[in-house]
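Have a look at the structure below before the remarks.
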Amino acid sequence: MVDIEQLSPQQARERQRDGAILIDVRDDDERAAGMPDGAIAIPGAELRARVAAVAPRLDQDLLLICASGQRSLRAASALQALGYSHASSVAGGFRQWRADGLPVASGALDDDAGERYSRHLLLPEIGASGQAQLAAARVALIGAGGLGSPAALYLAAAGVGTLTLVDDDKVEKSNLQRQVLHADTRIGMPKTDSAALTLTGLNPRVKVQPRNERLRASNVEALIGDHDVVIDGADNFPTRYLLDAATRRLNLPLVYGAVHRFTGQVSVFDPRRAESPCYRCLFPEPPAAADAPNCAEAGVLGVLPGIIGLLQASEAIKLILGIGKPLVGRLLCFDALAATFRELRLPRDPLCPGCGSAAGFAGYEDIQQICAR
Ligand SMILES: [Zn+2]
């Protein structure tokens, strides 16, 4: 054991920030009072059998911690014997970690999460703290259809803790060409119930809140308030204009996506950023009903909402984690036939009827009215 590196808790914390995986090898009852923030719990007796699930690479930087620093030394030694070249022990253990005032989480990542999200944990941009942020996040998806299907599937898989699905439709056979949340055996079932079955089957850790109702002036704030990100997967203009108004008033980022035949577009409207445009900077007024065909009338290539909905999911995850450059002020357009992505600059419009300096808010009923004209 002479060649096992020993780190102070503070050094371990810094390594953790650089992407090292901290494994708490104490037993379940010892962890009841808390564990180091971002650590993964694997009791020492199970370490050999389980470590590969959270650390698939033998050169992964692994830090072991126990109560006082003895068991973690043995654990690090055992991992070296398994071929792990960078297994270190935290001197003084959790006792010293706590005494040094380092952050403590109440049972943050258990071994199920450690294994399930191991490919996220390997990314320093996410890691255990990012995964905890995802678990705490609440995303509202408006529409459990073409765009909502891929977005919800991947957000659930990624471990977004709460997904609220708002849709008042039932599953129809003609949906199944693109709405992959649903199934042939569930035709006739409310889409929100069908979606909840699929999503909890994929990841039982995620809390799915089905809201089998249509988004209206009277319920929009109650349905989307108390969320971190809203995903626009709507198929009609009244809903999109309502969402735009409500997300601006509630100061919530809105991830916009739309598809038509073989093309789609995606952008992020984030009222928390002064430079961000809103949906009405792009579409100031709703089109007349005759000029606004939906998928039922114009048709859509089945895979297209899959691509656009996943771009929306990717933006949502970036917003939750605060990583990368969000699609704010940019409209990303995809043409499936040409296989091209084009990015258009989308600046904020000072004369916008939604967010411009002269814009007023006369209530959601008025917004709903302008779409009925
Ligand atoms: Zn605007």
Side-chain angles (χ1 to χ4, degrees), residues 139-143 147-148 151 166 215-260 263-289 291-292 294 308-309 311-312 314-316 318-320 322 324-334 341-373:
V139 174
L141 292 113
I142 311 307
L147 295 168
V166 182
L215 200 83
R216 296 178 193 287
S218 54
N219 65 10
V220 59
E221 286 201 1
L223 284 171
I224 70 168
D226 196 27
H227 286 81
D228 300 301
V229 178
V230 180
I231 293 192
D232 175 5
D235 62 355
N236 64 85
F237 283 99
T239 299
R240 290 195 191 274
Y241 281 84
L242 274 177
L243 268 186
D244 170 67
T247 48
R248 257 184 294 114
R249 286 178 62 75
L250 298 170
N251 219 22
L252 291 176
L254 176 64
V255 184
Y256 157 74
V259 291
H260 179 67
T263 63
Q265 49 186 222
V266 54
S267 191
V268 172
F269 307 120
D270 190 347
R272 299 170 305 177
R273 297 165 202 256
E275 77 284 7
S276 175
C278 77
Y279 178 71
R280 295 185 73 177
C281 292
L282 180 61
F283 299 112
E285 302 296 334
D291 299 332
N294 60 29
I308 300 299
L311 287 170
Q312 290 179 279
S314 174
E315 289 304 303
K318 284 162 56 189
L319 288 166
I320 292 166
K325 190 177 164 206
L327 257 179
V328 172
R330 300 181 286 150
L331 183 69
L332 187 62
C333 305
F334 175 64
F341 280 99
R342 269 198 317 149
E343 184 182 303
L344 306 179
R345 224 171 64 81
L346 182 61
R348 187 168 175 183
D349 177 4
L351 301 176
C352 169
C355 71
S357 51
F361 178 73
Y364 295 118
E365 295 292 351
D366 278 30
I367 307 267
Q368 211 162 24
Q369 282 303 315
I370 61 168
C371 296
R373 284 201 292 257

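What you see is a predicted model; the values in this text were computed from it and never measured. Indexing begins at 1, ligand by ligand and atom by atom, following the structure's order.
- Considering Gln265, Gln312, Glu315 in turn, Gln265 is the only one that fulfils the side-chain hydrogen bond (donor to acceptor under 3.5 Å, both in side chains) rule with Tyr256.
- Judged as a salt bridge (Lys or Arg N to Asp or Glu O under 4.0 Å), and not counting sequence neighbours, the contacts of Asp232 are Arg240.
- Rounding to the nearest 0.5 angstrom, the gap separating the CG atom in Leu242 from the CD1 atom in Ile142 is 10.5 Å.
- Checking side-chain atoms of Tyr279 against main-chain N and O of Ala245 turns up no donor-acceptor pair under 3.5 Å.
- Listed by first and then second residue, the side-chain hydrogen bond (donor to acceptor under 3.5 Å, both in side chains) pairs involving residues 267-277 are Asp270-Arg272, Asp270-Arg273 (not counting sequence neighbours).
- Considering only residues two or more places apart in sequence or on other chains, Pro271 meets the side chain to side chain contact (heavy atoms under 4.5 Å, CB included) condition with Arg248, Asn251.
- The Zn ion (ligand 1) has Cys278 SG, Cys281 SG, Cys352 SG, Cys355 SG as its protein N, O or S neighbours under 2.8 Å.
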